[in-house]
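As structure tokens, the structure follows; a few thoughts come after it.
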Amino acid sequence: MSTTQTIEDAIKKKTAGELFFPSDFRFAGSEGAIKMALSRLVKEGGIKRIAHGIYYVPTYNHIVGDVLPSLDEIAEAIAKRDHATIKPAGSYALNKLGLSTQVPMKQVYFTNGQHRTIKVGKGEIKFKSASHRKLALQGKISSLVVLALDELGPDSVDDTMRNQIREVLKKEDPDILEADAKLATGWIHDFLYNLVKKGQAKNI
């Protein structure tokens, strides 16, 4: 069976909108043959390339037309391919927490994988190398708070944001919040301690 046919058969088993990479087809042929097969399938319209080396199965909505994978879906797919850990940072972490209604065109993630920036249309995904302490954060909410604050800095936290953070942290497990606070930098630890010391995190 030809490289192109092998890849076509594999793609037919994928779902609409699913992301994939040339490395998914290793042993279907040489690197050159795989790239040529994917390029041919793009020209034929069977698949689409969203960025260099990143492809997806087209999915169509009768209202908006072609539905592109989100930057978050792309970042997660890259992390899965590279067996890397990623965690949202900065303004994107705020968005994930519901503290910002704007989805940033530049989404930043801390990672133990390769440090790099990937352009996706008008958007951008940036992977930043991070310490083990940052990647060891466990809370679905508290980890996002710590990483958002780490990027924003103390001068960016006003009274409105402070109150919003206090409210979202009420949904976090107290023990996990305490553990994550211990992994944070000094000013973030103190911020969290002063914010919740009368509540669930009494022993931080």
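We use all heavy atoms of the structure for the numbers below, so side chains are in, but hydrogens, waters and symmetry mates are not.
Residue Leu177 holds its CG atom at 9.5 Å from CD1 of Ile141, rounded to the nearest 0.5 Å. Note that CZ of Arg166 and CG of Leu195 are 4.5 Å apart. Values are rounded to the nearest 0.5 Å. Leu183 CG to Ile188 CD1: the interatomic distance, rounded to the nearest 0.5 Å, is 11.0 Å. Atom CG of Asp158 sits about 9.0 Å away from atom CG of Asn163, to the nearest 0.5 Å. Between Ile7 atom CD1 and Ser2 atom OG the span is 8.5 Å, to the nearest 0.5 Å. If you take CG on Asp175 and CD on Gln138, they are separated by 13.0 Å, rounding to the nearest 0.5 Å.
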Distance-only donor-acceptor pairs under 3.5 Å for side chains of residues 41-55, two or more places apart:
residue : atom : partner : partner atom : Å
Glu44   : OE2  : Arg40   : NE           : 3.0
Lys48   : NZ   : Asp66   : OD2          : 3.3

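Residues in residues 98-116 take part in these salt bridge (charged side-chain N to carboxylate O under 4.0 Å, His left out) pairs, two or more places apart or across chains: Asp82-Arg116, Lys106-Glu124. Counting only residues at least two apart or on different chains, the side-chain hydrogen bond (donor to acceptor under 3.5 Å, both in side chains) pairs with a member in residues 139-154 are Lys128-Glu151, Lys134-Asp150, Ser142-Glu172, Ser142-Asp180. Applying the salt bridge (charged side-chain N to carboxylate O under 4.0 Å, His left out) test to residues at least two apart or on different chains, the pairs with a partner in residues 25-34 are Arg26-Glu31.
Gln107 contributes no side-chain N or O that, together with a main-chain N or O of Met105, makes up a donor-acceptor pair within less than 3.5 Å.
No continuous path of hydrophobic side-chain contacts links Phe191 to Ile176 [ILVMFWY only; heavy atoms under 4.5 Å]. Clustering ILVMFWY residues whenever any of their side-chain heavy atoms sit less than 4.5 angstrom apart, transitively, puts Val67 in a cluster other than the one holding Leu19. Cluster annotation: Phe110 is not connected to Ile74 through the hydrophobic network of ILVMFWY side chains, with a link wherever side-chain heavy atoms come within less than 4.5 Å. Both Leu99 and Leu149 are part of a single hydrophobic cluster, where members link through side-chain heavy atoms under 4.5 Å apart. Side-chain heavy atoms closer than 4.5 Å link hydrophobic residues (I, L, V, M, F, W, Y) into clusters, and following such links, even through other members, never connects Ile86 to Leu147.
Contact between Thr3 and Ala37 at its shortest, heavy atoms only, is CG2-CB, 4.4 Å. When every heavy atom of Ser129 is checked against every heavy atom of Gly113, the shortest pair comes out as OG-O, 4.2 Å. Of all the heavy atoms in Gly90 and Ala148, the pair that sits closest is O-CB, 3.8 Å. Nearest approach of Ala84 to Thr111, heavy atoms of both residues: CB-OG1, 3.9 Å. Residue Ala28 comes nearest to Thr6 through the heavy atom pair CB-CG2, 3.9 Å, listed as atom of the first residue, atom of the second, then distance.
Using a 4.5 Å heavy-atom cutoff, the side chains of Ile78 and Ile118 are in contact. Tyr56 is not listed as a side-chain neighbour of Lys14, based on a closest heavy-atom distance of 4.5 Å or more. For the pair Val146 and Leu192, the minimum side-chain heavy-atom distance is below 4.5 Å.
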| task | Go through the steps for Leu152 and Leu94 under the test side-chain contact (heavy atoms from CB on, under 4.5 Å), then give the verdict. | result | CA-CA 10 Å; Leu152 296 175; Leu94 286 178; 3.3 Å; yes
| query | What's the verdict on side-chain contact (heavy atoms from CB on, under 4.5 Å) for Ile11 and Val57, showing C-alpha distance, side-chain angles and the deciding distance? | reply | CA-CA 8 Å; Ile11 289 173; Val57 180; 4.3 Å; yes
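In terms of the ring-ring contact (aromatic ring centres under 6.0 Å, His included) criterion, residue partners of Phe25 (sequence neighbours excluded) are, by chain and number, Phe20. Remark: Tyr92 engages Tyr109 in a ring-ring contact (aromatic ring centres under 6.0 Å, His included) (not counting sequence neighbours).
Between Tyr193 and His189, the ring planes are parallel. Angles under 30° get that label, and only those over 60° would be called perpendicular.
Ion pairing between a basic and an acidic side chain is recognised when a charged N comes within 4.0 Å of a carboxylate O; Lys12 and Glu8 show no such pairing.
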